[in-house]
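What follows is a single structure, written as structure tokens, with notes after it.
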Amino acid sequence: MVFFNEKKITKKRPEICLSLSGHNLDEIAEELETGEDCFSLVEWRADMFDGIGELSKEDFQDKLKTVKRMSGVRRLIVCYKGDGVTSDRVVRWSFGIADIVDIDFEDPKTDRLIREAHRRRTKVIVSYHDDEKMPSKGEIAELYLRMEKTGADYLKLAATANTETDTYELLEGAAAYMQLKKPSPIIAVAMGEEGQVSRICAGDFGSRISYGSGKQPTAAGQIDVCRLAKYMDAYYKDK
């Protein structure tokens, strides 16, 4: 049973983001050349890049500038999932170069990093991930409320759907948060095969961005970016 007021939600096709899985610049260039008309955002998964933890600040920023240049006019998101020390460096070194950085909501330095990012004119996605299960719809709405307090530009919740019902929990929890008078922009992702539909239809529940894969998925259930664009073309055609 849907418990939210559907009319209060602005239904809009999410932007498609190509999530880069390349281990080096050549592989990234190849990914960016594939289906270049299918996406408007690029996410550099820096944790998948070979030797990222050994790079100096200068070397990292040189590579980041190269990825940004190869991305053309598309906005570039930098994301690192891994050990805290490297994550902190990657995020900080991306300020002022990347358009958006993805910061873990559970990082104890999150509030300080967001303030620093905004001082450097870099937008922030604050993200919560659960690779094992899906929170309840009430917990999801509460998580969005807690993330909102950080002042981030986007609130991202990605959790694993082990059943079809789990996907409904995510979408209804996202929609419940969107009932607020002035909700922040959200991203809602049900990971895994059971959650693939969320990557297409979550715009109906307020989600602003959907991630598609290049050479290989960077998250469970991710759909090839060009197939994702085709599915969205069909789904949002008459909306």
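The analysis underlying the following values was restricted to heavy atoms, covering all of them including side chains, and did not include hydrogens, waters or symmetry mates. Given the structure is predicted, the values throughout are model-derived calculations rather than measurements.
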**OP:** Working to the nearest 0.5 Å, report the span between CG of L157 and CD1 of I140.
**Re:** 6.0 Å
Subject >> Approximate separation, where rounding is to 0.5 Å, of M191 CE and E132 CD >> reply: 10.0 Å
**OP:** Decide whether L76 and V225 are clustered together by the hydrophobic rule: side chain heavy atoms of Ile, Leu, Val, Met, Phe, Trp, Tyr closer than 4.5 Å, transitively.
**Re:** yes
Original post:
Do Y235 and C201 come close enough that some side-chain heavy atom pair is under 4.5 Å?
Top reply: yes
Subject >> Over all atoms of both residues, closest heavy-atom pair of I187 and S207 >> reply: CA-OG, 3.4 Å
Original post:
Closest heavy-atom contact between I114 and A152?
Top reply: CD1-CB, 4.1 Å
Subject >> Sidechain-backbone polar pair: Y236 side chain, I200 backbone, donor-acceptor under 3.5 Å >> reply: yes
Original post:
Do D83 and T86 have a side chain donor and acceptor closer than 3.5 Å?
Top reply: yes
**OP:** Taking the side chain as every heavy atom from C-beta outward, state whether L55 and K63 have any atom pair closer than 4.5 Å.
**Re:** yes
**OP:** Please answer whether the main-chain N or O of V124 pairs with a side-chain N or O of D153 as donor and acceptor at a distance below 3.5 Å.
**Re:** yes
Original post:
Among side-chain atoms of T165 and E169, is any donor-acceptor pair under 3.5 angstrom?
Top reply: no
Original post:
More than 12 heavy atoms of other residues, nucleotides or ligands under 6.0 Å from CD of E164: is that the case?
Top reply: no
Subject >> Pi-cation contact, Y211 with K156 (under 6.0 Å, within 45°) >> reply: yes
Original post:
E31 side chain to K215 main-chain N or O, any donor-acceptor pair under 3.5 Å?
Top reply: yes
Subject >> Heavy-atom side-chain proximity of K65 to K68 below 4.5 angstrom >> reply: no
Original post:
Is it the case that more than 12 heavy atoms not belonging to Y128 sit under 6.0 Å from its OH atom?
Top reply: yes
**OP:** For the pair R208 and E15, find out whether any cationic side-chain nitrogen is under 4.0 Å from an anionic carboxylate oxygen.
**Re:** no
**OP:** Give a yes-or-no answer on whether the side chains of D104 and H129 include a donor-acceptor pair shorter than 3.5 Å.
**Re:** no
Subject >> Inter-residue atom distance D99.CG - T122.OG1, 0.5 Å rounding >> reply: 8.0 Å
Original post:
What do the steps show when you test L228 against S210 for side chain to side chain contact (heavy atoms under 4.5 Å, CB included), and what is the final call?
Top reply: CA-CA 9 Å; L228 178 60; S210 184; 3.7 Å; yes
Subject >> Atom pair CE/CD1 of M48 and I28 - distance to nearest 0.5 Å >> reply: 10.5 Å
Original post:
With distance as the sole test, does E43 use its side chain to make a donor-acceptor pair with the main-chain N or O of L20 at under 3.5 Å?
Top reply: no
**OP:** Search all heavy atoms of A202 against all heavy atoms of A188 and return the closest pair with its distance.
**Re:** CB-O, 3.8 Å
Original post:
Side-chain contact, heavy-atom cut-off 4.5 Å: E194 with T163?
Top reply: no
Original post:
V101 and A117: which non-hydrogen atoms are nearest, and at how many Å?
Top reply: CG2-CB, 4.5 Å
Original post:
Hey, does the side chain of R74 reach the backbone of S71 with a donor-acceptor pair shorter than 3.5 angstrom?
Top reply: yes
**OP:** Determine whether M134 and Y177 fall in the same hydrophobic cluster, where Ile, Leu, Val, Met, Phe, Trp and Tyr are linked whenever their side-chain heavy atoms lie under 4.5 Å apart.
**Re:** yes
Original post:
Nearest 0.5 Å, what's the OG-CG distance between S87 and D107?
Top reply: 6.0 Å
Subject >> Nearest atoms (heavy-atom pairs only) where T150 meets V126 >> reply: OG1-CG1, 3.8 Å
Original post:
Tell me, do L180 and E148 make a side-chain contact under 4.5 Å, heavy atoms counted?
Top reply: yes
Original post:
Cut-off 3.5 Å, side chains only: do S127 and K81 have a donor facing an acceptor?
Top reply: yes
Original post:
Can you get from I97 to V90 by hopping between Ile, Leu, Val, Met, Phe, Trp and Tyr side chains that sit under 4.5 Å apart?
Top reply: yes
**OP:** Keeping the roles fixed (side chain from S198, backbone from T167), state whether a donor-acceptor pair exists under 3.5 Å.
**Re:** no
**OP:** Test side chain to side chain contact (heavy atoms under 4.5 Å, CB included) on R115 and H118 and set out the steps.
**Re:** CA-CA 5 Å; R115 289 194 298 270; H118 286 162; 6.0 Å; no
Subject >> Transitive ILVMFWY side-chain link I209 to I186, under 4.5 Å >> reply: no
Subject >> Check: S136 side chain, E139 main-chain N or O, donor-acceptor pair, under 3.5 Å >> reply: yes
Original post:
Any side-chain heavy atom of R13 within less than 4.5 Å of one from D233?
Top reply: yes
Subject >> Donor-acceptor contact below 3.5 Å, side chain R199 vs main chain G221 >> reply: yes
Original post:
Take atom CZ in R227; do more than 12 heavy atoms of anything else shown fall under 6.0 Å from it?
Top reply: yes
Original post:
For F105 and L143, which heavy atoms make the closest approach, and how far apart are they?
Top reply: CE2-CD2, 4.5 Å
**OP:** Test V91 against Y80 for side chain to side chain contact (heavy atoms under 4.5 Å, CB included), laying out the working first.
**Re:** CA-CA 8 Å; V91 167; Y80 182 94; 5.8 Å; no
**OP:** Look at the aromatic rings of F60 and W44 and report parallel, tilted or perpendicular, splitting at 30° and 60°.
**Re:** parallel
Subject >> M147 with I77, same ILVMFWY side-chain cluster at under 4.5 Å >> reply: no
**OP:** May I ask you to test the I125-I103 pair for a side-chain heavy-atom distance under 4.5 Å?
**Re:** no
Original post:
Any sub-3.5 Å donor-acceptor pair from D88's side-chain atoms to G84's backbone N or O?
Top reply: no
**OP:** Take K137 and E142 through the test side chain to side chain contact (heavy atoms under 4.5 Å, CB included) and record every step on the way to the result.
**Re:** CA-CA 9 Å; K137 56 193 174 188; E142 177 64 26; over 6 Å; no
Original post:
What distance do L155 atom CG and R146 atom CZ have between them, rounded to the nearest 0.5 Å?
Top reply: 12.5 Å
Subject >> S19 side chain reached by Q222 side chain, heavy atoms, under 4.5 Å >> reply: yes
